[in-house]
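Worksheet: one structure, shown below.
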2 protein chains.
Amino acid sequence: MPLNGLLGEDAGAAPQQVRAEPIQQRSAARLSGLLDAAAAVVDEVGFDRITTAMIAERAGASIGTVYRYYPDRVAVLHALHERAVVRFRQRVVDELGASTLTTWWDAVDCVVTAFVGLYRSEPGFRIVNFDDRDGAPAADAAADVDFFARRLADVLVNEFNLPAGPELIFRLEVAVEMADALLARAFHSEPLGEERFIAECRLVLREYLDRYYSPRALSLLAAAS
Amino acid sequence: MPLNGLLGEDAGAAPQQVRAEPIQQRSAARLSGLLDAAAAVVDEVGFDRITTAMIAERAGASIGTVYRYYPDRVAVLHALHERAVVRFRQRVVDELGASTLTTWWDAVDCVVTAFVGLYRSEPGFRIVNFDDRDGAPAADAAADVDFFARRLADVLVNEFNLPAGPELIFRLEVAVEMADALLARAFHSEPLGEERFIAECRLVLREYLDRYYSPRALSLLAAAS
DNA sequence: TGGTCACCGAGTGGAATTCAATCATCGTGG
DNA sequence: CCACGATGATTGAATTCCACTCGGTGACCA
């Protein structure tokens, strides 16, 4: 049941930064086409060199069409980021469903595998590292991490009986920040990712969480209470 | 001797991205004044909303003056980044000198303290997270991390007899990436930094490195060879 | 006083964004 | 089944904003 709780309460709802809901059929294709184009451009020039003209041309649309759907350039990046996050959560759910999970560690491992897989296969996935440092409190990288940590905590509590509570959420936040950093580094220059950083990421996560949630630590905790 | 090796071989040399060496006296003040202004603006609007006009106005100069010293907008950011890195290294050296170091852990702790201290006191210090995602292979965040990891490795090898080698450097790179991420998160919204993330950062670093370099691990390593 | 050094800020060009005109699609009445 | 108006969708020239240039002017020095 909570396995796909990761998808979030608003999964499927249109992102709020789009200007106009598509009414007609073709618009939906336009919208995702624009994002596909943006993703391709992101892979080519990086997400700060991107121009609205590049996106429009790549999508076979005109400048005006971009602005019909998005209020400005960074809104497109936000939307692309959001789509990447949604696809990541979906992939985690798929991965979790496809694996036989015996301990919480298997679940954490799946998360890493999903992330790495998307880095390799999803065009423009590096957009997940996009953080708009302006006043907007929404669409904040920390909020994404926080949300994901809470959902993952639910899964680990319900499936593997980890003790629920703010400590678990906090530790998962820490774990996610570390994994983000190490995997970003792994893919910094190598398109397929430097394996040493990926492996070290898994190791670090396991060691960090094992400190509190290994069978031994848990039984000690149980004995103490 | 290697304690201030952290400063780097080119410490003191003018950054190469400055257009004209200041000849007259007042120019030096202008140059650092421009960077101070840029730092202030970075704190106000973040380093992607910054405009050359803002920098010039804040520094009491004109647009042209900015371009007299820096070839373009990102060069200013690079220079500010560079200054922050240099000050960080200087602070680490100061901190190392002022503390009584009994184990390598004390040195690592000093590094964290220096970083946190600068985040709190140095205007615009968040520029350390600035990464120019374009073709320029120099001025690369990963290169900074790599360079710093090597220097820190030298210190730990010479002062605390840690075993030299690529493993040490790699592990320090990993440690630096993790610390960067956790401290950036600590200061993401709180100007003074969320203490829980700072404390957890120290803990994580210690646990991670202890796995290989605790006295026990080292003696096991020595016995095996 | 002539020769640099510094500085200024209007001007240029390119990219972001707007908007009035045009095209496409849909629902509806004939 | 076919006009045909209403509304959605698209266009791209015009506008605005901002990085960056450059010729002119004052400041320092010898």
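Protein chains get the first letters and strands the later ones, always in sequence-line order, with residue 1 at the start of each. Only this structure's heavy atoms are used, side chains among them; waters, hydrogens and symmetry mates stay out.
- Closest approach of B:Ile127 and B:Leu80 over heavy atoms only: CG2-O, 3.9 Å.
- Ion pairing between A:Glu195 and A:Arg202 fails under the 4.0 Å rule for side-chain N and carboxylate O.
- Here A:Phe125 and A:Phe115 bring their ring centres to under 6.0 angstrom of each other.
- Atom pair B:Arg49:CZ and D:dC18:C1' shows a separation of 14 Å (rounding to whole Å applied).
- For A:Thr65, whose side chain is taken as the heavy atoms from C-beta onward, the closest listed nucleotide among D:dT11, D:dC20, D:dG8 is D:dT11.
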Listing time: all N or O pairs from protein to nucleotides 13-16 of chain C that are below 3.5 Å?
{"from": "C:dA16", "atom 1": "OP2", "to": "A:Thr52", "atom 2": "N", "distance (Å)": "3.3"}
{"from": "C:dA16", "atom 1": "OP2", "to": "A:Thr52", "atom 2": "OG1", "distance (Å)": "3.1"}

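- In this structure, A:Arg68 atom CZ and C:dA21 atom P are separated by 17 Å, rounded to whole Å.
- Atom CG in B:Leu31 sits roughly 16 Å away from atom P in C:dC5 (whole-Å rounding).
- Taking atom CD1 on B:Ile63 and atom C1' on C:dA6, their separation rounds to 16 Å, with Å as the unit.
- Closest to the B:Tyr69 side chain, of the nucleotides D:dT11, C:dA6, D:dG8, is C:dA6.
- For the pair A:Tyr70 OH and D:dT10 P, the interatomic distance rounds to 12 Å; values are reported in whole Å.
- Whole-Å rounding puts the B:Asp48 CG to D:dC17 P distance at 20 Å.
- Of the candidate nucleotides D:dT11, D:dC20, C:dA6, D:dT11 has the atom lying nearest to any side-chain atom of A:Ser62.
- Using a 4.0 Å cut-off between a side-chain N of Lys or Arg and a carboxylate O of Asp or Glu, A:Arg150 and A:Asp146 qualify as a salt bridge.
- Phosphate proximity of C:dC8 to B:Arg30: present, with a side-chain N or O under 4.0 Å from OP1 or OP2.
- Taking a cutoff of 4.0 Å between a charged side-chain nitrogen and a carboxylate oxygen, A:Glu200 and A:Arg185 do not qualify as a salt bridge.
- Residue A:His188 holds its NE2 atom at 5.5 Å from CG of B:Asp131, rounded to the nearest 0.5 Å.
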